[in-house]
**Q** 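Just dropping this structure here.
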Amino acid sequence: MRKIFNSILLLIVASIFSGCMVNNVPTYDEEVKAAWAQVQNQYKRRADLIPNLIATVKGYAKHEKDVLTEVTKARSKALSFKIPKDILTNPEAFKKFQQVQGKLGSALSKLLAISERYPDLKANQNFLALQSQLEGTENRISVARRDYINAVKKYNLELRTIPNKWIAHLLYPEAKIKQTFTATKEDMNVPKVNFN
Amino acid sequence: MRLFKRLLLLFFVVTISYSSPIFPKLTGRVVDNAGILSSQTKRELTSMLKNLETNTSNQVVVVTLKSLQGYSISDYGYQLGRHWGIGQKGKDNGVLLIVAPKERKVRIEVGYGLEGTLSDAISSLIIHNKILPYFKKGDYDKGVLEGVKSIIGTIKDTFKPSKVKGNSSDDFAPLTFFVFIFATVFLQNLFSKKYRKYFSKLISSSFIGFFGFVLANSLIVGIVAFIISFLLFLYFKAFESSAVLNSAYSTYDDGLGSGGFFGGNGFDGGDFGGFSGGGGGFGGGGASGGW
(Lines give C-alpha, C1' and ligand atoms only; values in the text may rest on other atoms or scores of the structure.)
Protein backbone atom coordinates (compact mmCIF):
# COMPACT_ATOMS: atom_id res chain seq x y z
CA MET A 1 0.00 0.00 0.00
CA ARG A 2 2.71 2.38 1.04
CA LYS A 3 4.72 1.60 -2.05
CA ILE A 4 1.82 2.43 -4.29
CA PHE A 5 1.25 5.65 -2.43
CA ASN A 6 4.90 6.60 -2.74
CA SER A 7 5.06 5.92 -6.44
CA ILE A 8 1.94 7.97 -7.01
CA LEU A 9 3.51 10.81 -5.07
CA LEU A 10 6.68 10.51 -7.11
CA LEU A 11 4.67 10.58 -10.30
CA ILE A 12 2.88 13.74 -9.21
CA VAL A 13 6.11 15.47 -8.24
CA ALA A 14 7.79 14.43 -11.47
CA SER A 15 4.91 15.66 -13.58
CA ILE A 16 4.90 18.98 -11.74
CA PHE A 17 8.59 19.41 -12.40
CA SER A 18 8.43 18.46 -16.04
CA GLY A 19 5.28 20.52 -16.36
CA CYS A 20 7.22 23.55 -15.26
CA MET A 21 9.96 22.90 -17.77
CA VAL A 22 7.55 22.29 -20.61
CA ASN A 23 5.89 25.63 -20.01
CA ASN A 24 9.07 27.59 -19.50
CA VAL A 25 9.56 28.75 -23.09
CA PRO A 26 6.09 30.23 -23.59
CA THR A 27 6.07 31.67 -20.06
CA TYR A 28 9.39 33.40 -20.51
CA ASP A 29 8.36 34.47 -23.98
CA GLU A 30 5.38 36.28 -22.48
CA GLU A 31 7.61 37.91 -19.90
CA VAL A 32 9.93 39.15 -22.63
CA LYS A 33 6.99 40.54 -24.58
CA ALA A 34 5.62 42.34 -21.54
CA ALA A 35 9.03 43.83 -20.78
CA TRP A 36 9.39 44.92 -24.40
CA ALA A 37 5.99 46.58 -24.36
CA GLN A 38 7.11 48.52 -21.31
CA VAL A 39 10.29 49.63 -23.09
CA GLN A 40 8.26 50.90 -26.04
CA ASN A 41 5.80 52.65 -23.75
CA GLN A 42 8.51 54.58 -22.02
CA TYR A 43 10.19 55.61 -25.28
CA LYS A 44 6.82 56.76 -26.56
CA ARG A 45 6.28 58.72 -23.39
CA ARG A 46 9.59 60.48 -23.87
CA ALA A 47 8.75 61.39 -27.43
CA ASP A 48 5.41 62.81 -26.25
CA LEU A 49 7.10 65.17 -23.82
CA ILE A 50 9.36 66.74 -26.42
CA PRO A 51 7.03 69.18 -28.26
CA ASN A 52 6.19 70.95 -24.99
CA LEU A 53 9.81 71.06 -23.98
CA ILE A 54 10.87 72.55 -27.28
CA ALA A 55 8.14 75.16 -27.19
CA THR A 56 9.26 76.23 -23.71
CA VAL A 57 12.97 76.31 -24.47
CA LYS A 58 12.40 78.20 -27.73
CA GLY A 59 10.96 81.16 -25.84
CA TYR A 60 14.18 81.64 -23.91
CA ALA A 61 16.96 80.29 -26.10
CA LYS A 62 16.12 81.30 -29.63
CA HIS A 63 19.62 81.18 -31.00
CA GLU A 64 20.19 77.57 -29.96
CA LYS A 65 18.52 76.57 -33.19
CA ASP A 66 20.98 73.76 -33.99
CA VAL A 67 20.23 71.79 -30.88
CA LEU A 68 16.51 72.42 -31.16
CA THR A 69 16.34 71.18 -34.72
CA GLU A 70 18.52 68.22 -33.84
CA VAL A 71 16.05 67.17 -31.18
CA THR A 72 13.07 67.70 -33.46
CA LYS A 73 14.69 65.67 -36.22
CA ALA A 74 15.75 62.87 -33.94
CA ARG A 75 12.24 62.74 -32.52
CA SER A 76 10.53 62.48 -35.89
CA LYS A 77 13.02 59.80 -36.91
CA ALA A 78 12.29 57.84 -33.77
CA LEU A 79 8.55 58.18 -34.31
CA SER A 80 8.67 57.30 -38.00
CA PHE A 81 10.79 54.22 -37.42
CA LYS A 82 8.45 51.36 -38.26
CA ILE A 83 9.01 48.60 -35.79
CA PRO A 84 8.88 45.31 -37.68
CA LYS A 85 6.95 42.46 -36.13
CA ASP A 86 10.01 40.28 -35.77
CA ILE A 87 12.12 42.99 -34.16
CA LEU A 88 12.96 40.91 -31.11
CA THR A 89 14.57 38.21 -33.23
CA ASN A 90 15.87 40.46 -35.98
CA PRO A 91 19.33 41.75 -35.02
CA GLU A 92 19.45 44.49 -37.64
CA ALA A 93 16.08 45.99 -36.88
CA PHE A 94 16.81 45.82 -33.19
CA LYS A 95 20.11 47.58 -33.62
CA LYS A 96 18.44 50.25 -35.73
CA PHE A 97 15.79 50.80 -33.07
CA GLN A 98 18.45 51.20 -30.44
CA GLN A 99 20.40 53.65 -32.61
CA VAL A 100 17.39 55.82 -33.35
CA GLN A 101 16.40 56.04 -29.69
CA GLY A 102 19.99 56.55 -28.61
CA LYS A 103 20.31 59.54 -30.94
CA LEU A 104 17.19 61.11 -29.52
CA GLY A 105 18.51 60.53 -26.02
CA SER A 106 21.81 62.24 -26.68
CA ALA A 107 20.14 65.15 -28.50
CA LEU A 108 17.88 65.63 -25.50
CA SER A 109 20.69 65.61 -22.98
CA LYS A 110 22.43 68.22 -25.12
CA LEU A 111 19.31 70.35 -24.99
CA LEU A 112 19.10 70.07 -21.23
CA ALA A 113 22.78 70.91 -20.95
CA ILE A 114 22.47 74.16 -22.92
CA SER A 115 19.44 75.20 -20.92
CA GLU A 116 21.77 75.43 -17.93
CA ARG A 117 23.11 78.59 -19.56
CA TYR A 118 19.78 80.40 -19.38
CA PRO A 119 18.91 81.42 -15.82
CA ASP A 120 15.48 82.70 -16.83
CA LEU A 121 14.66 79.39 -18.44
CA LYS A 122 15.88 77.51 -15.41
CA ALA A 123 13.63 79.59 -13.20
CA ASN A 124 10.59 78.89 -15.38
CA GLN A 125 8.16 76.62 -13.50
CA ASN A 126 6.95 75.04 -16.69
CA PHE A 127 10.47 74.17 -17.71
CA LEU A 128 11.28 72.76 -14.29
CA ALA A 129 8.22 70.53 -14.45
CA LEU A 130 9.12 69.33 -17.93
CA GLN A 131 12.70 68.75 -16.91
CA SER A 132 11.70 66.59 -13.94
CA GLN A 133 9.26 64.66 -16.12
CA LEU A 134 11.97 64.06 -18.68
CA GLU A 135 14.40 62.92 -16.01
CA GLY A 136 11.75 60.61 -14.60
CA THR A 137 11.08 59.19 -18.04
CA GLU A 138 14.75 58.62 -18.75
CA ASN A 139 14.93 56.79 -15.46
CA ARG A 140 11.89 54.70 -16.36
CA ILE A 141 13.47 53.90 -19.70
CA SER A 142 16.60 52.59 -18.04
CA VAL A 143 14.52 50.52 -15.61
CA ALA A 144 12.41 49.13 -18.44
CA ARG A 145 15.52 48.34 -20.47
CA ARG A 146 17.09 46.54 -17.56
CA ASP A 147 13.93 44.53 -16.95
CA TYR A 148 13.88 43.63 -20.63
CA ILE A 149 17.53 42.58 -20.57
CA ASN A 150 16.85 40.33 -17.59
CA ALA A 151 13.76 38.79 -19.18
CA VAL A 152 15.68 38.05 -22.37
CA LYS A 153 18.58 36.64 -20.41
CA LYS A 154 16.24 34.16 -18.77
CA TYR A 155 14.57 33.28 -22.04
CA ASN A 156 17.81 32.83 -23.97
CA LEU A 157 19.30 30.77 -21.19
CA GLU A 158 16.35 28.45 -21.49
CA LEU A 159 17.03 27.99 -25.20
CA ARG A 160 20.75 27.54 -24.79
CA THR A 161 21.21 25.26 -21.79
CA ILE A 162 20.75 21.53 -21.41
CA PRO A 163 18.30 19.90 -20.78
CA ASN A 164 15.85 22.75 -21.33
CA LYS A 165 17.33 23.20 -24.78
CA TRP A 166 16.16 19.72 -25.83
CA ILE A 167 12.66 20.27 -24.52
CA ALA A 168 12.48 23.63 -26.27
CA HIS A 169 13.84 22.13 -29.47
CA LEU A 170 11.30 19.33 -29.34
CA LEU A 171 8.24 21.35 -28.42
CA TYR A 172 8.98 24.86 -29.63
CA PRO A 173 11.12 24.54 -32.75
CA GLU A 174 10.09 28.06 -33.79
CA ALA A 175 11.54 29.66 -30.64
CA LYS A 176 14.54 31.84 -31.47
CA ILE A 177 17.19 33.58 -29.46
CA LYS A 178 16.02 37.14 -28.73
CA GLN A 179 17.94 40.35 -29.21
CA THR A 180 18.83 42.47 -26.27
CA PHE A 181 20.22 45.92 -25.61
CA THR A 182 23.93 46.30 -25.58
CA ALA A 183 24.33 46.99 -21.94
CA THR A 184 25.35 50.47 -21.01
CA LYS A 185 27.24 51.00 -17.81
CA GLU A 186 24.04 51.46 -15.86
CA ASP A 187 22.45 48.35 -17.30
CA MET A 188 25.33 46.33 -15.98
CA ASN A 189 24.74 47.66 -12.47
CA VAL A 190 28.34 48.67 -12.14
CA PRO A 191 28.66 50.70 -8.97
CA LYS A 192 30.37 54.01 -9.41
CA VAL A 193 33.39 54.27 -7.22
CA ASN A 194 33.23 57.19 -4.86
CA PHE A 195 36.47 58.38 -3.30
CA ASN A 196 35.24 61.03 -0.92
CA MET B 1 21.49 14.12 -4.62
CA ARG B 2 24.72 15.67 -3.53
CA LEU B 3 25.30 17.06 -6.99
CA PHE B 4 21.82 18.52 -6.91
CA LYS B 5 22.53 20.25 -3.62
CA ARG B 6 25.74 21.67 -4.99
CA LEU B 7 24.01 22.94 -8.07
CA LEU B 8 21.38 24.53 -5.89
CA LEU B 9 24.08 26.21 -3.83
CA LEU B 10 25.79 27.44 -6.96
CA PHE B 11 22.49 28.77 -8.21
CA PHE B 12 22.01 30.72 -5.00
CA VAL B 13 25.50 32.14 -5.12
CA VAL B 14 24.95 33.26 -8.69
CA THR B 15 21.60 34.86 -7.89
CA ILE B 16 23.04 36.63 -4.89
CA SER B 17 25.91 38.05 -6.87
CA TYR B 18 23.39 39.31 -9.42
CA SER B 19 21.03 41.08 -7.06
CA SER B 20 23.58 43.77 -6.57
CA PRO B 21 22.93 46.29 -3.78
CA ILE B 22 22.58 45.25 -0.16
CA PHE B 23 19.27 46.43 1.24
CA PRO B 24 18.49 47.32 4.85
CA LYS B 25 15.82 45.37 6.70
CA LEU B 26 12.29 46.67 6.61
CA THR B 27 11.90 47.25 10.34
CA GLY B 28 8.90 49.56 10.19
CA ARG B 29 7.47 52.50 8.31
CA VAL B 30 10.54 54.53 9.22
CA VAL B 31 13.85 52.80 8.61
CA ASP B 32 16.45 55.19 9.98
CA ASN B 33 19.61 53.36 9.08
CA ALA B 34 21.70 56.50 8.92
CA GLY B 35 20.47 57.52 12.37
CA ILE B 36 19.57 61.10 11.46
CA LEU B 37 16.01 61.29 12.79
CA SER B 38 14.94 61.93 16.36
CA SER B 39 12.72 59.39 18.05
CA GLN B 40 9.99 62.03 18.33
CA THR B 41 10.03 62.48 14.54
CA LYS B 42 9.99 58.74 13.98
CA ARG B 43 6.95 58.34 16.19
CA GLU B 44 5.15 61.18 14.47
CA LEU B 45 5.98 59.84 10.99
CA THR B 46 4.96 56.32 11.90
CA SER B 47 1.56 57.35 13.18
CA MET B 48 0.92 59.59 10.16
CA LEU B 49 1.90 56.85 7.75
CA LYS B 50 -0.10 54.23 9.58
CA ASN B 51 -3.16 56.46 9.40
CA LEU B 52 -2.59 56.91 5.70
CA GLU B 53 -2.50 53.19 5.10
CA THR B 54 -5.64 52.59 7.15
CA ASN B 55 -7.54 55.23 5.18
CA THR B 56 -6.18 54.64 1.69
CA SER B 57 -4.12 51.43 1.73
CA ASN B 58 -1.24 53.49 0.32
CA GLN B 59 2.06 52.47 1.85
CA VAL B 60 4.69 55.14 2.38
CA VAL B 61 8.05 54.27 3.90
CA VAL B 62 10.78 56.66 4.96
CA VAL B 63 14.28 55.25 4.70
CA THR B 64 17.61 56.85 5.48
CA LEU B 65 20.70 55.08 4.20
CA LYS B 66 24.22 54.92 5.50
CA SER B 67 25.50 54.62 1.96
CA LEU B 68 24.26 54.14 -1.59
CA GLN B 69 27.04 51.61 -2.12
CA GLY B 70 28.16 53.40 -5.24
CA TYR B 71 24.79 53.28 -6.99
CA SER B 72 22.90 56.32 -8.12
CA ILE B 73 19.93 57.01 -5.86
CA SER B 74 17.39 56.37 -8.62
CA ASP B 75 19.09 53.10 -9.41
CA TYR B 76 19.05 52.05 -5.79
CA GLY B 77 15.55 53.36 -5.10
CA TYR B 78 13.40 51.28 -7.41
CA GLN B 79 15.29 48.14 -6.51
CA LEU B 80 14.73 48.78 -2.82
CA GLY B 81 11.03 49.39 -3.50
CA ARG B 82 10.75 46.11 -5.36
CA HIS B 83 12.81 44.28 -2.78
CA TRP B 84 10.53 45.37 0.05
CA GLY B 85 7.39 45.23 -2.05
CA ILE B 86 6.04 48.50 -0.69
CA GLY B 87 2.46 49.15 -1.77
CA GLN B 88 -0.43 46.73 -2.16
CA LYS B 89 -0.26 44.01 -4.73
CA GLY B 90 -2.20 44.94 -7.83
CA LYS B 91 -2.54 48.57 -6.75
CA ASP B 92 1.21 49.21 -6.68
CA ASN B 93 0.53 52.16 -4.42
CA GLY B 94 3.82 52.42 -2.56
CA VAL B 95 6.08 55.41 -2.08
CA LEU B 96 9.59 55.56 -0.66
CA LEU B 97 11.21 58.70 0.65
CA ILE B 98 14.91 57.89 0.51
CA VAL B 99 17.54 60.05 2.18
CA ALA B 100 21.24 59.37 1.69
CA PRO B 101 23.00 61.94 3.90
CA LYS B 102 26.48 60.74 3.01
CA GLU B 103 25.94 61.33 -0.70
CA ARG B 104 23.65 64.30 0.04
CA LYS B 105 20.91 62.89 -2.13
CA VAL B 106 17.20 62.53 -1.62
CA ARG B 107 14.61 60.75 -3.73
CA ILE B 108 10.90 60.14 -3.84
CA GLU B 109 10.38 56.74 -5.44
CA VAL B 110 6.82 56.26 -6.66
CA GLY B 111 5.10 52.95 -7.35
CA TYR B 112 3.32 52.34 -10.67
CA GLY B 113 -0.13 52.94 -9.21
CA LEU B 114 0.61 56.42 -7.88
CA GLU B 115 2.66 57.75 -10.79
CA GLY B 116 -0.39 59.61 -12.10
CA THR B 117 -1.08 61.50 -8.87
CA LEU B 118 2.36 61.86 -7.37
CA SER B 119 3.90 62.65 -10.74
CA ASP B 120 7.57 63.25 -11.39
CA ALA B 121 6.95 66.98 -11.53
CA ILE B 122 5.10 67.07 -8.20
CA SER B 123 7.71 64.82 -6.57
CA SER B 124 10.39 67.19 -7.80
CA LEU B 125 8.52 70.19 -6.42
CA ILE B 126 8.14 68.52 -3.02
CA ILE B 127 11.86 67.78 -2.94
CA HIS B 128 12.98 71.23 -4.01
CA ASN B 129 10.45 73.35 -2.13
CA LYS B 130 9.65 71.35 1.00
CA ILE B 131 12.57 69.08 1.76
CA LEU B 132 15.80 70.61 0.49
CA PRO B 133 15.46 74.03 2.19
CA TYR B 134 15.58 72.23 5.57
CA PHE B 135 18.20 69.72 4.55
CA LYS B 136 20.48 72.55 3.49
CA LYS B 137 20.26 73.86 7.05
CA GLY B 138 20.96 70.37 8.37
CA ASP B 139 17.45 69.94 9.76
CA TYR B 140 16.65 66.41 8.62
CA ASP B 141 13.71 66.01 11.01
CA LYS B 142 11.79 68.99 9.70
CA GLY B 143 12.67 68.27 6.05
CA VAL B 144 11.47 64.70 6.22
CA LEU B 145 8.31 65.66 8.13
CA GLU B 146 7.41 68.39 5.64
CA GLY B 147 8.15 66.09 2.71
CA VAL B 148 6.03 63.28 4.10
CA LYS B 149 3.17 65.67 4.86
CA SER B 150 3.20 66.87 1.25
CA ILE B 151 3.35 63.32 -0.07
CA ILE B 152 0.39 62.34 2.12
CA GLY B 153 -1.50 65.47 1.05
CA THR B 154 -0.97 64.56 -2.60
CA ILE B 155 -2.01 60.92 -2.43
CA LYS B 156 -4.65 60.95 0.30
CA ASP B 157 -7.56 60.66 -2.13
CA THR B 158 -6.18 58.06 -4.47
CA PHE B 159 -7.04 54.60 -3.26
CA LYS B 160 -9.55 53.16 -0.88
CA PRO B 161 -8.68 50.18 1.28
CA SER B 162 -10.11 47.07 -0.33
CA LYS B 163 -11.77 45.94 2.86
CA VAL B 164 -12.27 47.49 6.23
CA LYS B 165 -9.82 45.75 8.45
CA GLY B 166 -10.60 45.24 12.11
CA ASN B 167 -7.30 46.62 13.21
CA SER B 168 -6.89 44.94 16.57
CA SER B 169 -8.03 41.49 15.50
CA ASP B 170 -5.88 41.68 12.41
CA ASP B 171 -2.82 42.60 14.37
CA PHE B 172 -3.27 39.98 17.02
CA ALA B 173 -4.65 37.05 15.04
CA PRO B 174 -1.26 35.58 14.12
CA LEU B 175 -0.20 35.93 17.72
CA THR B 176 -3.10 33.85 18.99
CA PHE B 177 -1.97 30.93 16.89
CA PHE B 178 1.53 31.22 18.23
CA VAL B 179 0.27 31.46 21.79
CA PHE B 180 -1.79 28.38 21.11
CA ILE B 181 1.23 26.46 19.89
CA PHE B 182 3.28 27.52 22.87
CA ALA B 183 0.53 26.58 25.24
CA THR B 184 0.13 23.13 23.75
CA VAL B 185 3.84 22.46 23.85
CA PHE B 186 3.90 23.58 27.45
CA LEU B 187 0.88 21.51 28.42
CA GLN B 188 2.23 18.54 26.56
CA ASN B 189 5.09 18.32 29.00
CA LEU B 190 2.75 18.49 31.97
CA PHE B 191 0.39 15.75 30.98
CA SER B 192 0.95 12.03 30.85
CA LYS B 193 1.93 10.17 27.72
CA LYS B 194 -1.64 9.11 27.21
CA TYR B 195 -2.68 12.52 25.96
CA ARG B 196 0.46 13.44 24.11
CA LYS B 197 -0.68 12.30 20.73
CA TYR B 198 -3.59 14.71 20.90
CA PHE B 199 -1.27 17.54 21.61
CA SER B 200 0.89 16.79 18.64
CA LYS B 201 -2.23 16.77 16.55
CA LEU B 202 -3.24 20.07 18.01
CA ILE B 203 0.14 21.53 17.16
CA SER B 204 0.07 20.24 13.61
CA SER B 205 -3.43 21.46 12.98
CA SER B 206 -2.82 24.83 14.51
CA PHE B 207 0.07 25.13 12.08
CA ILE B 208 -2.22 24.37 9.21
CA GLY B 209 -4.66 26.87 10.61
CA PHE B 210 -1.94 29.46 10.82
CA PHE B 211 -0.86 28.85 7.22
CA GLY B 212 -4.47 29.06 6.15
CA PHE B 213 -4.71 32.38 7.91
CA VAL B 214 -1.52 33.70 6.33
CA LEU B 215 -2.41 32.51 2.85
CA ALA B 216 -6.00 33.69 2.82
CA ASN B 217 -5.32 36.68 5.10
CA SER B 218 -8.53 35.89 6.94
CA LEU B 219 -8.97 34.74 10.49
CA ILE B 220 -12.08 32.71 9.70
CA VAL B 221 -10.31 30.68 7.04
CA GLY B 222 -7.53 30.02 9.55
CA ILE B 223 -9.93 28.80 12.22
CA VAL B 224 -11.86 26.62 9.79
CA ALA B 225 -8.60 25.14 8.48
CA PHE B 226 -7.56 24.47 12.05
CA ILE B 227 -10.77 22.67 12.98
CA ILE B 228 -10.93 20.62 9.79
CA SER B 229 -7.31 19.56 9.98
CA PHE B 230 -7.65 18.65 13.65
CA LEU B 231 -10.64 16.45 12.91
CA LEU B 232 -8.79 14.90 9.99
CA PHE B 233 -5.81 14.22 12.19
CA LEU B 234 -8.06 12.54 14.73
CA TYR B 235 -9.69 10.30 12.17
CA PHE B 236 -6.78 9.36 10.00
CA LYS B 237 -4.42 6.98 11.65
CA ALA B 238 -2.04 7.42 8.77
CA PHE B 239 -1.22 10.88 9.92
CA GLU B 240 0.02 9.55 13.20
CA SER B 241 3.19 8.46 11.44
CA SER B 242 6.07 10.23 13.03
CA ALA B 243 7.19 11.76 9.74
CA VAL B 244 4.36 14.25 9.68
CA LEU B 245 4.87 15.17 13.30
CA ASN B 246 8.58 15.59 12.88
CA SER B 247 8.12 17.86 9.95
CA ALA B 248 5.59 19.82 11.95
CA TYR B 249 8.09 20.22 14.76
CA SER B 250 10.88 21.27 12.46
CA THR B 251 8.64 23.85 10.80
CA TYR B 252 7.92 25.10 14.26
CA ASP B 253 11.63 25.45 14.98
CA ASP B 254 12.28 27.16 11.67
CA GLY B 255 9.45 29.55 12.30
CA LEU B 256 11.00 30.59 15.57
CA GLY B 257 14.52 30.77 14.22
CA SER B 258 13.81 33.05 11.32
CA GLY B 259 11.63 35.32 13.36
CA GLY B 260 8.29 34.41 11.87
CA PHE B 261 6.48 35.59 8.81
CA PHE B 262 5.65 39.11 9.74
CA GLY B 263 9.17 40.23 9.17
CA GLY B 264 10.29 43.37 10.87
CA ASN B 265 7.99 44.37 13.65
CA GLY B 266 8.17 48.11 14.00
CA PHE B 267 7.82 48.24 17.74
CA ASP B 268 10.15 51.21 18.05
CA GLY B 269 7.78 53.56 16.35
CA GLY B 270 4.68 52.48 18.21
CA ASP B 271 3.67 50.58 15.09
CA PHE B 272 2.43 47.66 17.07
CA GLY B 273 1.48 44.55 15.19
CA GLY B 274 4.20 44.62 12.56
CA PHE B 275 4.56 46.08 9.14
CA SER B 276 5.39 44.45 5.88
CA GLY B 277 5.23 45.39 2.22
CA GLY B 278 2.11 44.37 0.33
CA GLY B 279 3.93 43.39 -2.86
CA GLY B 280 3.66 46.61 -4.85
CA GLY B 281 5.67 47.22 -8.01
CA PHE B 282 8.05 50.01 -8.98
CA GLY B 283 9.18 51.15 -12.41
CA GLY B 284 11.45 54.08 -11.74
CA GLY B 285 8.85 56.84 -11.29
CA GLY B 286 9.53 59.81 -9.03
CA ALA B 287 12.21 62.42 -8.69
CA SER B 288 15.59 62.97 -7.09
CA GLY B 289 17.44 65.94 -5.72
CA GLY B 290 20.66 66.81 -3.96
CA TRP B 291 21.92 69.47 -1.62
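Worth saying up front: this structure is predicted, and the values here are computed from it rather than measured.
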**Q** Using the side-chain contact (heavy atoms from CB on, under 4.5 Å) rule, pick out the option among B:Leu96, B:Val99, B:Leu97, B:Ile73 that qualifies with B:Arg107.
**A**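 The option that passes is B:Ile73.
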**Q** Does any backbone or side-chain atom of B:Leu125 lie under 4.5 Å from a heavy atom of chain A? Answer side chain, backbone, both or neither.
**A**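 B:Leu125 touches chain A through side-chain heavy atoms alone.
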**Q** Just by distance, do the side chain of B:Asn58 and the backbone of B:Ile155 share a donor-acceptor pair under 3.5 Å?
**A**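 Pair found, side chain donor or acceptor close to backbone of B:Ile155.
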**Q** Could you check whether A:Asp86 pairs with A:Lys176 (Lys NZ or Arg NE/NH1/NH2 to Asp/Glu carboxylate O, under 4.0 Å)?
**A** no
**Q** Looking at B:Thr64 and B:Asn33, would you say the former's side chain and the latter's main chain have a donor-acceptor pair under 3.5 Å?
**A**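 Confirmed, B:Thr64 side chain pairs with B:Asn33 backbone.
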**Q** Could you check whether any side-chain N or O of B:Gln59 sits under 3.5 Å from a backbone N or O of B:Ser276, counting only pairs where one atom can act as donor and the other as acceptor?
**A**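 Flag set: sc B:Gln59 to bb B:Ser276 pair under 3.5 Å.
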**Q** So which part of A:Gln38 gets closer than 4.5 Å to some heavy atom of chain B, the side chain, the backbone, both or neither?
**A** side chain
**Q** Output the residues of residues 73-84 of chain A for which the shortest heavy-atom distance to chain B is under 4.5 Å, in residue-number order; output 'none' if no such residue exists.
**A** none
**Q** Measure A:Gln42 against the heavy atoms of chain B and call it side chain, backbone, both or neither at under 4.5 Å.
**A**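 Neither the backbone nor the side chain of A:Gln42 comes within 4.5 Å of chain B.
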**Q** Heavy atoms only, distances under 4.5 angstrom: which of A:Val143, A:Leu128, A:Thr137 has the most pairs with chain B? Name it, please.
**A** A:Val143
**Q** Look only at the side chain of B:Gln88 and the backbone of B:Ser57, and say whether a donor-acceptor pair between them is shorter than 3.5 Å.
**A** yes
**Q** Within the supplied structure, the quantity of interest is the number of heavy atoms (other residues, nucleotides, ligands) at a distance under 6.0 Å from B:Lys130 NZ; does it exceed 12?
**A** no
**Q** Between B:Tyr71 and B:Gln79, does the side-chain hydrogen bond (donor to acceptor under 3.5 Å, both in side chains) criterion hold? Intermediate values first, please.
**A** CA-CA 11 Å; B:Tyr71 294 89; B:Gln79 296 187 59; over 6 Å; no
**Q** Does A:Lys103 NZ have over 12 foreign heavy atoms under 6.0 Å away?
**A** no
**Q** So, are A:Glu92 and A:Lys95 salt-bridged, with charged N and O less than 4.0 Å apart?
**A** no
**Q** For chain A, which residues of residues 281-291 of chain B have at least one non-hydrogen atom nearer than 4.5 Å to it?
**A** B:Gly283, B:Gly284, B:Gly285, B:Gly286
**Q** Could you tell me if A:Glu135 and A:Asn139 have a donor-acceptor pair between their side chains, going purely by distance under 3.5 Å?
**A**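 Per modelled atom types, A:Asn139 and A:Glu135 side chains form no pair under 3.5 Å.
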**Q** Below 4.5 Å from any heavy atom of chain B, which atoms of A:Ala129 appear? Answer side chain, backbone, both or neither.
**A**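 A:Ala129 touches chain B through backbone and side-chain heavy atoms alike.
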**Q** I need the single residue from A:Arg140, A:Gln133, A:Gln40 that forms a side-chain contact (heavy atoms from CB on, under 4.5 Å) with A:Arg45. Which is it?
**A**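 Of the listed residues A:Arg140, A:Gln133, A:Gln40, the side-chain contact (heavy atoms from CB on, under 4.5 Å) partner of A:Arg45 is A:Arg140.
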